[in-house]
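The figures that follow rest on heavy atoms only: side chains count, while hydrogens, waters and symmetry mates do not.
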Amino acid sequence: MKPEPLRALIFDFDGTLADTESAHRAAFNDAFAEAGLDWHWDETLYTQLLEVAGGKERILHYWGQVRGDTKVIDAGALAYTVQRIHDLKTASYERRVHDGAVQLRPGVQHLIDSAFDAGLRLAIATTTSPVNIAVVLRSAIGLDWAHTFQVVEDAATAPRKKPHPQAYLQALQRLQVRAAQCLAFEDSANGLRAAIDAGLPTIVTPNAFTTHHDFAGALHVLSDLQGKTVAELRSWHASAQR
């Protein structure tokens, strides 16, 4: 059987394209303080909480841990409170991004530019919110970042969180390519599982919050994408089909 050509790259966002998690953690703590809560997520706790995909889901999970003995009489009121905390967190995160707290990971910008110039289609498949993606990529790439990433699947369009493969499956559908024609890029075990379940050979670049994860099944595990070329990606993609 003739090997499939490499036609597209699909990237996770938080922790993969950009070093975002430290800024997210700080923004959560800002939101808790502004909401009058005595919660504080240190790095150890936040690393554990990252096992829960999605910001609002993470808040609700932690609420259950620290206030599990509190009977929820009004589910609507709880949902409103979680949403308010998350809105405060989003506002704080945006401020931090504008202040330069978030950068693309090493090698990402060059690889994106090279892949785009080589005619590969680029997509994002993530569980984060659209505003989080836009604020970072506007700062890092410019106002025309959406021209670079032709397809974006996020918390608004793909609400089923990783490790469910929904974001990847929808990205493939919108790209109009087969999984065998793509490479995925991830940083976490949940993300890797989602990509693999969508049939995607996956390159993993762990960050400080995910180095302890099990990346069995990954095509390659790299410290970052510094110095990586489209030619190397094509070679790795071909090897995945053998």
Any donor-acceptor pair under 3.5 Å linking the side-chain atoms of [Y] with those of [X]?
X: Arg105; Y: Thr205; result: yes
X: Glu232; Y: His237; result: no
X: Asn132; Y: Ser129; result: yes

| query | Do the ring centers of Phe32 and His40 come within less than 6.0 Å of each other? | reply | no
Taking the six-membered ring for Trp, is the centroid-to-centroid distance between His24 and Tyr46 below 6.0 Å?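 His24 vs Tyr46: aromatic centres not under 6.0 Å.
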Does the pair Thr20 and Asp14 meet the rule for a side-chain hydrogen bond (donor to acceptor under 3.5 Å, both in side chains), with working shown? CA-CA 6 Å; Thr20 59; Asp14 283 322; 2.7 Å; yes
Interatomic distance, CD1@Ile203 vs CZ@Phe11, rounded to 0.5 Å, equals 8.5 Å
OG1 (Thr210) and CG (Leu192) are apart, to the nearest 0.5 Å, by 11.0 Å
Look at the side-chain heavy atoms of Ile, Leu, Val, Met, Phe, Trp and Tyr, link any pair under 4.5 Å apart, and say whether [X] and [Y] land in one connected group.
X: Leu78; Y: Phe28; value: yes
X: Phe209; Y: Phe185; value: no
X: Ile124; Y: Leu175; value: no

On a heavy-atom basis, the closest approach of Phe215 and Ala189 is CE2-N, 3.7 Å
Item to check | Over all atoms of both residues, closest heavy-atom pair of Thr202 and Leu200 | outcome: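 The answer is OG1-O, 2.9 Å.
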Query raised in the report: Once the angle between the rings of Trp236 and His220 is folded into 0 to 90°, is it parallel (under 30°), tilted (30 to 60°) or perpendicular (over 60°)?
Result: tilted
Notebook entry, point to check: Tell me, which pairs form a salt bridge (charged side-chain N to carboxylate O under 4.0 Å, His left out) where one or both residues lie in residues 170-195, sequence neighbours left out?
Noted result: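 Salt bridge (charged side-chain N to carboxylate O under 4.0 Å, His left out) check on residues 170-195 returns Glu4-Arg178, Glu153-Arg174, Lys162-Glu186, Arg193-Asp197.
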Salt bridge (Lys or Arg N to Asp or Glu O under 4.0 Å) filter on Arg96, not counting sequence neighbours, yields Asp30
